[in-house]
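Take a look at the structure below.
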There are 2 protein chains.
Amino acid sequence: MHKDRDKPSFTISEVSEMTELSADTLRYYEKIGLLTSPQRGAGMQRMYTSEDIGRIRFLTYLKRTHMPLKKIQQYVNYYELHEEAQCFVLLDEHRQDIERQLKELEATHQLIQFKLAHFQEIKDGKSKESYE
Amino acid sequence: MHKDRDKPSFTISEVSEMTELSADTLRYYEKIGLLTSPQRGAGMQRMYTSEDIGRIRFLTYLKRTHMPLKKIQQYVNYYELHEEAQCFVLLDEHRQDIERQLKELEATHQLIQFKLAHFQEIKDGKSKESYE
DNA sequence: TTAAAGGCTGGAGTATGCTCTAAGTCAAGT
DNA sequence: ACTTGACTTAGAGCATACTCCAGCCTTTAA
């Protein structure tokens, strides 16, 4: 990290470590428009600000909940154009999708607990010959 | 569906409709070993039993909660070999993964609710110029 | 001054999970 | 007899999301 009386800035490998995204992935996200190009330093090196990192963090929240990169891209686009109504729509759709995912995860979680109990019984020898 | 005093059996297109998987996907799952080959009828047509459909349903629970097909394949393999201990391990790993996913979804759900409220305020004109 | 470390670009390659196509078989209805 | 429609196969193609590579440039330390 580089400081000298300006805003702190970070190299790609520092950001990579902080965000757990590879440098390649960070460059890829920039290429496809998920991240705005950061400032460049000596020799064209990317210099990320804390704000850039905040955006990356938000983006990874969306990504980890399976928002497709194309949709994140649209969101970023609208955000940049200050089209809040569109941003709202996209985020609200994703909220609904998250709620659907929660339901599926909960249902499957139950089912798996049930199956695990079943295998546990077999392990304990409580039911020698009962396969479903 | 076909009945004539035997067990009921279903064609691939019937199963496709019931499970919301395309016929191509069903054949693909069979090819990679996620599904055991069903009985064949006249002209080599697949004849799925209710039990087959039960397996497909279980498999889609796993798939919808992001268990990789390779891992489902391993599970099916161990299941067929009656290696319950291995089945247990794989399912328990997936249970942990589901719990991780639930946490991430819940965190992101909160974050999005917050952002949505923010966009709502902008829409209502309550905060004209505040971008984060 | 030179060599190692780290970054740059464009583009090719990979993994996953389907999805589609071509060419053929079979059974039933007209 | 012949057409229609649903099925079969092997294999090619596609979308998504990376991941890696070659070849080059700059900075820094020895």
Side-chain angles (χ1 to χ4, degrees), chain A residues 1-4 9-49 52-53 56 59-76 90 94 97 101 104, chain B residues 1-4 9-49 52 56 59-76 94 97 101 104:
Chain A
M1 173 174 152
H2 187 253
K3 212 161 184 168
D4 71 347
S9 71
F10 307 86
T11 66
I12 200 163
S13 57
E14 285 165 340
V15 176
S16 171
E17 232 187 278
M18 284 188 270
T19 60
E20 294 174 80
L21 296 174
S22 73
D24 274 321
T25 300
L26 288 168
R27 280 187 289 253
Y28 170 68
Y29 283 177
E30 190 183 322
K31 185 154 67 180
I32 65 169
L34 258 62
L35 298 174
T36 53
S37 305
Q39 292 288 115
R40 296 304 182 105
M44 290 299 279
Q45 278 190 41
R46 288 170 179 78
M47 306 296 276
Y48 295 87
T49 65
D52 289 327
I53 294 160
I56 294 167
L59 181 155
T60 62
Y61 271 104
L62 299 180
K63 197 191 46 141
R64 290 208 205 116
T65 54
H66 310 103
M67 183 155 166
L69 298 192
K70 276 205 181 148
K71 204 161 177 177
I72 299 179
Q73 202 186 92
Q74 282 174 50
Y75 176 82
V76 169
L90 291 176
H94 189 54
D97 191 62
Q101 289 183 61
E104 287 185 350
Chain B
M1 172 175 156
H2 186 252
K3 211 158 185 170
D4 72 347
S9 70
F10 307 88
T11 65
I12 199 164
S13 56
E14 285 166 339
V15 176
S16 169
E17 232 188 279
M18 286 188 269
T19 60
E20 292 174 82
L21 296 174
S22 74
D24 276 320
T25 300
L26 288 168
R27 281 187 289 252
Y28 170 68
Y29 284 177
E30 191 183 322
K31 184 157 66 181
I32 64 169
L34 258 64
L35 299 174
T36 52
S37 305
Q39 292 288 113
R40 296 305 181 105
M44 290 297 278
Q45 278 190 42
R46 289 169 179 79
M47 304 299 274
Y48 294 87
T49 66
D52 289 328
I56 295 167
L59 180 156
T60 62
Y61 271 103
L62 299 181
K63 196 191 48 138
R64 290 209 204 114
T65 53
H66 310 104
M67 184 153 165
L69 298 192
K70 276 205 180 146
K71 203 160 179 179
I72 299 178
Q73 201 186 94
Q74 282 176 52
Y75 176 82
V76 169
H94 188 54
D97 191 62
Q101 288 182 62
E104 286 185 352

Please write out the pairs of protein N or O atoms and N or O atoms of nucleotides 23-30 of chain C separated by less than 3.5 Å, giving the distance to one decimal.
none

Mind listing the N/O atom pairs, protein and nucleotides 18-20 of chain C, below 3.5 Å?
unit_1 : atom_1 : unit_2  : atom_2 : d
C/dC18 : OP2    : B/Tyr29 : OH     : 2.4
C/dC18 : O5'    : B/Tyr29 : OH     : 3.4
C/dC20 : N4     : B/Asp24 : OD1    : 3.4

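A donor-acceptor contact shorter than 3.5 Å links the side chain of B/Gln73 to the backbone of B/Ile32.
Side-chain atoms of B/Leu35 and B/Asp52, non-hydrogen and from C-beta on, never get closer than 4.5 Å to each other. A heavy-atom distance below 4.5 Å is found between the side chains of A/Lys71 and A/Leu90. In this structure the side chain of A/Tyr29 reaches within 4.5 angstrom of the side chain of A/Leu21, judged on heavy atoms. Side-chain contact between A/Gln101 and B/Glu104 is absent, with no heavy-atom pair separated by less than 4.5 Å.
Distance check: A/Ser9 OG to A/Glu14 CD gives 8.0 Å after rounding to the nearest 0.5 Å. Atom CD1 of residue B/Ile12 and atom CG of residue B/Leu26 lie 5.0 Å apart, to the nearest 0.5 angstrom. Rounded to the nearest 0.5 angstrom, B/Leu69 CG and B/Leu34 CG are separated by 5.5 Å.
Across the protein-nucleic acid pair, A/Ile12 atom CD1 and C/dA5 atom C1' stand 15 Å apart, rounded to whole Å. One interatomic measurement links the two molecules: CZ of A/Phe10 to P of C/dG6, which rounds to 18 Å at whole-angstrom precision. Between the C1' atom of C/dA15 and the CD atom of B/Gln73 lies a distance of 14 Å, rounded to the nearest Å. The distance between atom CE of A/Met47 and atom C1' of C/dG6, rounded to the nearest whole Å, is 13 Å.
Looking at heavy-atom distances under 4.0 Å, B/Arg46 makes contact with sugar-phosphate atoms alone, never a base.
Applying the side chain to side chain donor-acceptor pair (under 3.5 Å) test to A/Ser22 and every residue at least two apart in sequence or in another chain returns A/Thr25.
Listed by first then second residue, pairs satisfying salt bridge (charged side-chain N to carboxylate O under 4.0 Å, His left out) with a partner in residues 29-38 of chain B read B/Glu30-B/Arg40, B/Glu30-B/Arg46, not counting sequence neighbours. Residue pairs meeting the salt bridge (charged side-chain N to carboxylate O under 4.0 Å, His left out) criterion with at least one partner in residues 15-25 of chain B, sequence neighbours excluded, are B/Asp24-B/Arg27.
Taking 4.0 Å as the cutoff to heavy atoms of chain B, we find the contact window on DNA chain D bounded by D/dC7 to D/dG11.
Residue A/Thr11 places at least one side-chain N or O closer than 4.0 Å to OP1 or OP2 of C/dG7.
Residues A/Met67 and B/Arg27 each lie close to DNA chain D; by heavy-atom proximity, the contact nearer the 5' end of the strand is made by B/Arg27.
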